[in-house]
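Shown next, in structure tokens, is the structure this report addresses.
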Amino acid sequence: MYRKIQLDLLRQIAAVVEKKYGIELPQVAVEQPPKLEFGEYALPVALQLAKRVKKAPRAVAEELRPELESIDGVASVEIAGPGYLNIKLDRGVVADRIATGEHADVGGPGFRLVEHTSINPNKAAHIGHLRNAILGDTFQRLLRKDEYKSGYDVGVQNYIDNTGVQVADVVVGLVALEGRTLAGVKSLLEELAARNERVDFYMWDLYARVSQWYTADEAEKEARKKLRLDTLHAIEHGGNETAEVADLIATAVLRRHLETMERLGIEYDFLPRESEILHLKFWEAARALMIEKGVLYQETEGKNKGCWVMRRAGSEFPTEGPDGDAKVIVRSNGTVTYVGKDIAYHLWKFGLLGKDFGYKPFHQYPNHMCWISTEDGEEPHPYFGRADAIYNVIDSRQNDPQSNVIQALRGMGYEDAADRYTHLNYEMVALTPRCAIELGYTVSEEDQQRAYIEVSGRKGFGVKADDLLDKLIAAAKVEVDARHPELDEADRFETARKIAVGALRYFMLKYSRNTVIAFDFRDALSFEGETGPYVQYAIVRAANIFRKAGVEEQDAVTDLAAGDLLEGENGASIWEVWLTASKLTMVIEQAIQNAEPAILAKYVFQLAQQFNNFYHKHHILTETDEAKKKLLLATAAVAKREMVRALSLLGIEAPEVM
RNA sequence: GCACCCGUAGCUCAGCUGGAUAGAGCGGCAGCCUCCGAAGCUGUAGGUCAGAAGUUCGAAUCUUCUCGGGUGCACCA
């Protein structure tokens, strides 16, 4: 609702400025005054205009003022300070419109493809992967159509590098270190399943062991390096026993990743795999296209002689001689680099490759199917590679490779695709030295002096996603058990699970994307202060009011007689809640615009804070003034409604009790 | 060496396209459960927004430089 009136204001001001001064303002700023008593909106537009129309700012403001007073919901317009136009709303009228749920819509045409998670299927997911998946899933929720907004058509992809060097490493571990054959690997998987052990945890340790093993023996170093490469090539090629072992492991680990993410409410629509990109010859199609468009050419001299290269993003193309800065796409031995395959994959995403995956069902979620790529697919199947805009949730260390892909699209003349390609980058999750020591890792003197230490799957150094979640659930369960002995075990566990997920998701979302999270159990396990459970608790309190009052929330919202109770100093602490509650759509727009879910996380915390403040100031159930009681109930109902909506966009459920 | 990110209160972080007296949480100190749940609330102390120069009516925010921290820069995958 806040945004709706704001849009009215902007439209009006633009029209008036154009009519009066003949000036077209591309961007008109709207702010909120520092204090509520100054009004709900502040327009510094007179300050911007003053110079151009050669008048004093306050005089300009005076001329604009009457034009704004006619807008629906506006009570008065005042001129303040150097020339601000401060706009006050008719609180009673606007509250009615907020109560009915009136709000600006979010959404538009076009299919948007969000890719996130993309964990190598060779080991357990860790906290760094959690940040990725939670960011991506939350962003997807912001875009998607739901009961609140018309949204966009969205597809969620999780890219699976099932033929990469990391999978090869655990295959080497199984075959060379543990001496297993294909049959031996099958029986290992059966044994693990029988013992109810997690295969991804097993691989976590094995992967760390293999990484050590490669360089442990100086005399064997070269032979082991060759074994690694041979294994990789066998997997890439396919159709042999090594590739079968790799597929077995990658698929088993992938299924575990999906389980882990499902615990957090994270689901996918499609799992494109590297193996299909190879076998369906995506690169060959891309190569032909790139040559045709003139971005790929063979170098005839210099250090890259014999390679097929692409001009690197942002570098100057030399007028003569070889481009030393060029990016090698095809090596002199004829094999393609990672960037080359990635370009092919992204041409597919935008429907520019002229090829498609085969599709088959892989995992059934309660409300939809998750498909996986295959060589010979089933019909009918959904389509994913025809996106109008894409969002790749990939950490900031991939900034350069990602910009290479964008640069390639641009070079091929697909400017529009390049513009609609968003690398949704974020900084890593690292461990504080204290946390690393707590976990029993040996930390060097030098590392102890640092603010944080990077996690490393290769070293087996990190916190596993499932372990953290288990720990959070246990901590929440202790609290729930103590507070609600009357509930049965299943209910208490379910409540603890919701609280744990709320704490974890909020923790990963409250930091803006380019902040390194220095992970510490003390902060992550907290349920107080700026946390998910704080907001959940505010919702539980609001729900209790209605339970005890015997009033339906719906009725409280429709049965509203604010009168002038919201006006002035006395009404401010109540109106403040309404005003914040009315900003949800505006915040969603901002979060999408900046691809920054943290904006929404910060917002819902602020709303919960204001609600808690209101809760202490006004005792609803004992209120004797009937009109005021109705207003207080409506306030609680609206605050609760918007908190629940905002949390659900963050992927956090509100428990009944906690 | 080059590119990108970061530097705001004791600690961890917000601060949207420049705007009114720089904000939260945690931690510290002092309080609040006979009253809708204390996973809560109130009060209080704490800041030369790394430093310098510039642009502007106005800079934590934009530009340049300096200092400090991080990440990435292979015909590896």
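Order of the sequence lines fixes the chain letters, A, B, ..., with proteins taken first and strands second; residue numbering starts at 1 for each chain.
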Would you say [N] has OP1 or OP2 under 4.0 Å from some side-chain N or O of [X]?
| X | N | result |
| --- | --- | --- |
| A:Arg483 | B:rA39 | yes |
| A:Gln609 | B:rG25 | yes |
| A:Tyr534 | B:rA24 | no |
| A:Asn399 | B:rU71 | no |
| A:Ser512 | B:rC5 | no |
| A:Lys303 | B:rA74 | no |
| A:Arg331 | B:rA77 | yes |
| A:Asn514 | B:rC5 | no |

Check the side chains of [Y] and [X] for a donor-acceptor pair under 3.5 angstrom, ignoring hydrogens and angles.
| X | Y | value |
| --- | --- | --- |
| A:Gln398 | A:Asn425 | no |
| A:Lys327 | A:Gln407 | no |
| A:Tyr421 | A:Gln402 | yes |
| A:Asn86 | A:Tyr41 | no |
| A:Asn392 | A:Tyr159 | no |

- Query: On RNA chain B, nearest-nucleotide positions of A:Tyr615 versus A:Ile499: which is more 5'?
  - Reply: A:Tyr615
- If each of A:Thr337 and A:Glu530 is mapped to the nucleotide of RNA chain B with the nearest heavy atom, which maps nearer the 5' terminus, i.e. the 5' end?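 Mapping each residue to its closest nucleotide by heavy atoms, the 5'-most match is A:Glu530.
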Any idea which of [options] is nearest the [X] side chain?
| X | options | answer |
| --- | --- | --- |
| A:Val328 | B:rC36, B:rC4, B:rC75 | B:rC75 |
| A:Thr515 | B:rC41, B:rU21, B:rA14 | B:rA14 |
| A:Phe527 | B:rA39, B:rC35, B:rA77 | B:rA39 |
| A:Gln590 | B:rA20, B:rC16, B:rA14 | B:rC16 |
| A:Cys307 | B:rA39, B:rC75, B:rG72 | B:rC75 |
| A:Lys35 | B:rC36, B:rU21, B:rA38 | B:rU21 |

Which base sits across from [N] as a Watson-Crick or G-U pair, both distances under 3.5 Å?
| N | result |
| --- | --- |
| B:rA60 | none |
| B:rA38 | none |
| B:rC4 | B:rG70 |
| B:rA9 | none |

- Message: Without decimals, in angstroms, what is the distance between A:Arg397 CZ and B:rC5 C1'?
- Response: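 Taking atom C1' of B:rC5 as the reference, CZ of A:Arg397 is at 13 Å.
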Is there, by distance only and without an angle test, a donor paired with an acceptor across the side chain of [X] and the base of [N] below 3.5 Å?
| X | N | result |
| --- | --- | --- |
| A:Asn86 | B:rA20 | yes |
| A:Ser332 | B:rC75 | yes |
| A:Asn612 | B:rG40 | no |

- Message: Taking any heavy-atom pair under 4.0 Å as a contact, classify A:Glu274: base, sugar-phosphate, or nothing.
- Response: nothing
- Could you check whether A:Ala42 gets within reach of a base, just the sugar-phosphate, or nothing at all, counting any heavy atom under 4.0 Å? base
- Message: Would B:rC62 be called syn or anti here, given the cut-off of 90° from 0?
- Response: anti
[N] versus [M] - spacing of their [atom1] atoms, nearest Å:
| N | M | atom1 | answer |
| --- | --- | --- | --- |
| B:rA14 | B:rG25 | C1' | 10 Å |
| B:rA3 | B:rG51 | P | 25 Å |
| B:rU71 | B:rC13 | P | 15 Å |
| B:rG7 | B:rA45 | C1' | 25 Å |

- Message: Would you say that A:Glu530 contacts A:Lys602 through its side chain, given a criterion of any heavy-atom pair below 4.5 Å between the two side chains?
- Response: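 Side chain of A:Glu530 against side chain of A:Lys602, heavy atoms only: contact under 4.5 Å found.
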- Query: Given the side-chain rings of A:Phe605 and A:Tyr534, with only the six-membered ring counted for Trp, is the space between their centroids under 6.0 Å?
  - Reply: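 Ring centroids of A:Phe605 and A:Tyr534 are less than 6.0 Å from each other.
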